[in-house]
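Report on the following structure.
Sequence lines set the chain letters: A, B, ... in the order given, protein chains first and strands last, and positions in each chain run from 1. In what follows, every heavy atom counts, from backbone to side chain, and hydrogens, waters and symmetry copies are set aside.
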2 protein chains.
Amino acid sequence: MNEREFLENYDPRAFEPLAVTVDVVTLTIREGRLKVLLVERGEPPFAGRRALPGGFVRDDDLDNAARRELAEETGLLPRVHLEQLASFGDPGRDPRMRVVSVAYLAFGPSLADPVAGGDAATALWADVDAAGPLAFDHDRILAAGLERARSKLEYTPLATAFVGDEFTISELRSVYAAVWGEDLHAGNFHRKVLSVPGFVESTGATTERSSQRGGPRARLYRAGDARILHPALLRPAREEEVR
Amino acid sequence: MNEREFLENYDPRAFEPLAVTVDVVTLTIREGRLKVLLVERGEPPFAGRRALPGGFVRDDDLDNAARRELAEETGLLPRVHLEQLASFGDPGRDPRMRVVSVAYLAFGPSLADPVAGGDAATALWADVDAAGPLAFDHDRILAAGLERARSKLEYTPLATAFVGDEFTISELRSVYAAVWGEDLHAGNFHRKVLSVPGFVESTGATTERSSQRGGPRARLYRAGDARILHPALLRPAREEEVR
DNA sequence: GCAAAAGTGTTACCTGTACACCCATGC
DNA sequence: GCATGGGTGTACAGGTAACACTTTTGC
């Protein structure tokens with residue numbers, strides 16, 4: 001291949017038009033259940049269907065594009081953990097043209113209701129088990145995000161991104177219960193969290209007037225400096241997942 | 001936003017030209033060491049520098065684009081495990097124009113020498129510790145691929161993708177040693193591999209005339225049907241990684 | 001015989017799990 | 001007192017790590 005052919009091949013306009021978008025799977029916990037942030041599409045295709053918030057990549061890098069979309073379409077921004085999930089580029093995933101989507105995964109503590117803006121007609125928190133069917137291939141993207149979140153709870157302190165700056169071990173346990181969809185033994189969970197170095201550190205304080213019906217005041221903790229949990233908090237193994 | 005504005009925004013030609021490429025981190029084991037497949041660039045920018053094989057996304061989906069690149073540029077194809085790694089889209093990562101790269105990770109057993117083809121002037125297997133500096137941001141992509149590979153050896157039967165259809169436990173151990181960069185205790189490794197359900201299954205046969213200097217004939221195994229390893233084979237924890 | 005590598009036995013230790021239990025508090 | 005939930009003790013099961021040891025082959 002000579003120089004001329006090389007540069008021709010390098011021009012994307014020589015190929016089928018191709019767009020790059022970011023779509024964001026934003027998870028939080030509300031009412032003890034895991035919720036995902038969705039928007040309702042106002043335009044075809046899939047008008048009226050729910051979809052993940054997203055938009056086109058412009059001049060900024062991919063991470064910033066995801067952060068911008070989250071802010072523009074929903075008004076959410078502060079204190080969200082954001083990471084890249086995967087890319088989806090099947091031809092035909094958007095009926096209009098070839099679109100490659102870089103999906104992102106975001107976690108945040110329960111905040112105010114989302115504010116619709118940008119392209120989004122309305123924005124809402126939906127239960128993850130009752131979210132679909134979504135527009136495009138967003139069901140698949142959501143499923144990938146959920147699996148990633150469930151897995152990362154095991155070996156990273158990600159759960160602390162779902163709670164406030166100060167939290168009780170019980171609040172942390174309810175995060176695990178909501179994301180994994182199963183209850184955890186309170187006593188063992190408590191001991192295990194405290195035994196992982198750098199996961200949480202005590203503030204010395206306790207909850208003030210507890211909103212609970214009874215019981216002692218729980219001690220308050222903040223996130224520690226560990227980036228990975230060792231030893232990990234493993235989900236109870238399910239037989240069908242092993243083989 | 002009305003329909004007209006919407007469609008305008010939807011046209012990628014209204015924005016900065018944007019290309020999508022796939023770049024592939026292909027790993028194998030040769031001479032007991034972990035190697036990565038590289039090509040030597042014939043054209044600027046970075047002419048003469050090594051780079052990951054890759055190319056533009058055309059009509060096929062991303063997975064197929066990665067498979068095609070691997071075949072075109074290197075002549076390798078059969079029996080490679082291929083999975084998406086991550087996407088890289090920083091503005092300026094390619095000095096010519098905006099390029100979003102979807103990186104893939106491939107593993108295969110040691111095969112014939114790669115065949116240069118397509119854009120690649122030459123293709124070669126390089127030691128992973130002596131691969132860089134690579135063109136573009138490929139050092140970063142390679143680092144991401146290595147970390148993914150090291151991590152996946154722990155909880156998936158990925159190591160079996162580095163060996164032939166039938167293999168000995170020792171061969172499998174040498175895969176772990178090469179990828180993790182540390183020796184493992186032969187006896188304990190042996191017992192552990194056999195204790196994980198579905199990791200390997202015996203063929204009943206043994207090695208014929210062993211090429212080794214002495215010792216008994218090793219039994220042969222093939223990959224089992226487990227998709228995840230339970231319990232996992234954890235790397236020895238390093239203190240600096242914990243916090 | 002000797003060296004090398006496969007494979008096994010044994011033991012000490014460590015972690016996760018289950019379950020019982022105590023304690024502090026609100027009502 | 002009694003219910004509720006935070007927090008701890010303890011015993012058992014299972015996995016890990018270290019190390020010695022036996023077995024089988026090539027030279």
Residue-level proximity of residues 153-177 of chain B to DNA chain D when a heavy atom falls under 4.0 Å: none
Salt bridge (Lys or Arg N to Asp or Glu O under 4.0 Å): pairs with one or both residues in residues 158-174 of chain A, sequence neighbours excluded: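 Salt bridge (Lys or Arg N to Asp or Glu O under 4.0 Å) check on residues 158-174 of chain A returns R79(A)-D165(A).
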Any pair counted as salt bridge (Lys or Arg N to Asp or Glu O under 4.0 Å), so long as it reaches residues 127-139 of chain B, sequence neighbours left out: R33(B)-D127(B), K35(B)-D127(B), R93(B)-D137(B)
Side chain proximity check, L34(B) to L146(B), heavy atoms < 4.5 angstrom: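 The answer is yes, as the side chains (C-beta and beyond) meet within the 4.5 Å cut-off.
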Who passes salt bridge (Lys or Arg N to Asp or Glu O under 4.0 Å) against [X], sequence neighbours left out?
{"X": "K192(A)", "value": "none"}
{"X": "R49(B)", "value": "none"}
{"X": "R140(B)", "value": "D90(B)"}

Residues in side chain to side chain contact (heavy atoms under 4.5 Å, CB included) contact with A177(A), at least two apart in sequence or another chain: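 If we apply the side chain to side chain contact (heavy atoms under 4.5 Å, CB included) test to A177(A), skipping adjacent residues, the hits are D183(A), L184(A).
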With L234(A) via side chain to side chain contact (heavy atoms under 4.5 Å, CB included) - residues at least two apart: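 With neighbours one apart ignored, the set is E154(A), A232(A).
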Estimated bend of the helix from dG1(C)-dC27(D) to dC27(C)-dG1(D) (axis per five terminal pairs, rounded to 10 degrees): 10°
Polar side-chain atom of S101(B) near backbone of F88(B) as donor-acceptor pair, under 3.5 Å: no
Round to a whole Å and report the spacing from [atom1] of [X] to [atom2] of [N].
{"X": "L220(B)", "N": "dA5(C)", "atom1": "CG", "atom2": "C1'", "result": "15 Å"}
{"X": "D183(B)", "N": "dA17(D)", "atom1": "CG", "atom2": "C1'", "result": "16 Å"}
{"X": "F189(B)", "N": "dG7(C)", "atom1": "CZ", "atom2": "C1'", "result": "14 Å"}

Distances under 3.5 Å between protein N/O atoms and the N/O atoms of nucleotides 8-11 of chain D, please, pair by pair.
residue	atom	partner	partner atom	Å
dG9(D)	N7	R191(A)	NH1	3.1
dG9(D)	O6	R191(A)	NH2	2.9
dT10(D)	O4	R191(A)	NH1	3.3

Closest approach of G89(B) to L62(A) (non-hydrogen atoms, all atoms of both residues):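 Nearest heavy atoms, G89(B) then L62(A): N-CD1, 3.4 Å.
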Considering all heavy atoms, the nearest F167(B)-T160(B) contact: CZ-CG2, 3.9 Å
Results of side chain to side chain donor-acceptor pair (under 3.5 Å) for R191(A) - residues two or more places apart only: N188(A)
Distances under 3.5 Å between protein N/O atoms and the N/O atoms of nucleotides 14-16 of chain C, please, pair by pair.
residue	atom	partner	partner atom	Å
dG16(C)	OP1	K192(A)	NZ	3.1

Salt bridge K152(B)-E83(B), side-chain N to carboxylate O under 4.0 Å: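 Judged by the 4.0 Å cut-off on N to carboxylate O distance, K152(B) and E83(B) do form a salt bridge.
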